[in-house]
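Note that the numbering runs from 1 along the sequence shown for the chain.
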Amino acid sequence: MHEMGIAMQLVEIASAAIPGDMENIQVEKVNLKLGKLSSVVPDSLRFCFEIITKETLLAGAELCIQEIEVTARCNDCNAEWTITGPAFSCEKCKSGNITIVSGQELEISSIEIADE
């Protein structure tokens, strides 16, 4: 379960992003972009995030995950499509010469802080 390590890094990154002069703040949400090729199970990550955030600046914050579809582009015919199955060849010309455009993301897109 590598989600625990990922959750620890998310908390570290999100905590470091909060300006030092902000005191007594309540982080409501951490918004995350998670590609379907990232090999991360969203429910496991949420579970680990909840455990890790106790007694931190992020205690009680919700981890909102936006799952990103896997998109590929054919390097031969420039077709672009969303991959939904195990086949990684061009839908148009059947070439295997493709580039993954999206679906590998694992990034914090924003942090939402409660109004006072």
What pair of heavy atoms forms the shortest contact from [X] to [Y], and how long is it?
X	Y	answer
Ala61	Val27	CB-O, 3.3 Å
Ile83	Ala72	CD1-CB, 3.6 Å
Cys74	Ile98	CA-CG2, 4.1 Å
Leu63	Arg46	O-NE, 3.6 Å
Ile18	Ile25	CG2-CD1, 3.3 Å
Pro42	Ile65	O-CD1, 3.8 Å

Can you list the residues that meet the side chain to side chain donor-acceptor pair (under 3.5 Å) rule with Asn78, with sequence neighbours excluded?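 Asn78: no side chain to side chain donor-acceptor pair (under 3.5 Å) contacts found.
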With Glu105, which residues qualify under side chain to side chain donor-acceptor pair (under 3.5 Å), at least two apart? none
How about Glu107: does its CD atom have over 12 heavy atoms from other parts shown lying under 6.0 Å from it?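 It does: Glu107 CD has more than 12 such atoms within range.
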Apply side-chain contact (heavy atoms from CB on, under 4.5 Å) to Leu34 and Ile68, showing your working. CA-CA 6 Å; Leu34 183 65; Ile68 307 296; over 6 Å; no
Is a donor on one side and an acceptor on the other found under 3.5 Å between the side chain of [X] and the backbone of [Y]?
X	Y	answer
Ser95	Asn97	yes
Ser38	Gly35	yes
Thr53	Phe49	yes
Gln26	Ala59	yes

Criterion side chain to side chain donor-acceptor pair (under 3.5 Å) against Lys36, the qualifying member of Gln104, Glu69, Glu67: Glu69
Does the pair Glu3 and Val41 meet the rule for a side-chain contact (heavy atoms from CB on, under 4.5 Å), with working shown? CA-CA 7 Å; Glu3 282 81 1; Val41 178; 3.6 Å; yes
CA sep, side-chain torsions, deciding dist, call: Ser110, Asn31, side-chain hydrogen bond (donor to acceptor under 3.5 Å, both in side chains): CA-CA 5 Å; Ser110 63; Asn31 297 307; 2.8 Å; yes
